[in-house]
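Below is one structure, written out as structure tokens; the observations come after it.
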Amino acid sequence: MSPRFTLNKQDAKKILKGAAIAAGGAIATYLLQELPNVNFGQYTPLIVALASVLLNALLKFLADQKLARDSEVTIRPLRDDEIE
């Protein structure tokens, strides 16, 4: 946690991540309301296929990021010279 009236990088990243999630939700809500009103005509099958591929790629990217982040964590006991 950051000291009072300051913001460290870790807390700033958490705030930005929360803002990105909120913005993503707002964009998804807007698109879900507007897409049924859009007529893609003969390109509808292509748009549906492309949207499916992009969504799958996004899910894979997010899953891989979580696995990569979790694999960077190493827990080990402290050595005597590391204890203050």
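This structure is a prediction, so every number in the text was calculated from the model and none was measured. Every heavy atom of this structure was used, including side-chain atoms; hydrogens, water molecules and symmetry mates were not.
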Inset, instruction - Under the side chain to side chain contact (heavy atoms under 4.5 Å, CB included) rule, collect the residues that match up with K9, sequence neighbours excluded. - result: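 Scan of K9 (side chain to side chain contact (heavy atoms under 4.5 Å, CB included), adjacent residues dropped) gives none.
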Inset, instruction - Using the test side chain to side chain contact (heavy atoms under 4.5 Å, CB included), find all partners of Q10 that sit at least two apart in sequence or belong to another chain. - result: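 Only N8, K14 meet the side chain to side chain contact (heavy atoms under 4.5 Å, CB included) criterion with Q10.
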Inset, instruction - Indicate, with yes or no, if L16 and I21 share a hydrophobic cluster defined by side-chain heavy-atom contacts under 4.5 Å among Ile, Leu, Val, Met, Phe, Trp and Tyr. - result: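 No, no single cluster joins them.
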Legend entry - Minimum-distance pair of heavy atoms, taken over all atoms of P36 and L31: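 Smallest interatomic distance, heavy atoms only, reads CD-O, 4.3 Å.
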Inset, instruction - State, with a plain yes or no, whether a side-chain heavy atom of L35 is found less than 4.5 Å away from one of F40. - result: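 Heavy-atom side-chain distance check passes, below 4.5 Å.
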Inset, instruction - State, yes or no, whether a side-chain contact exists between T6 and D11 at a heavy-atom distance under 4.5 Å. - result: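 Of all side-chain heavy-atom pairs linking D11 with T6, none is under 4.5 Å.
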Kindly list each side-chain donor-acceptor pair under 3.5 angstrom involving residues 44-59, sequence neighbours excluded, with atom names and distances?
from	atom 1	to	atom 2	distance (Å)
T44	OG1	G41	O	2.9
S52	OG	V48	O	3.0

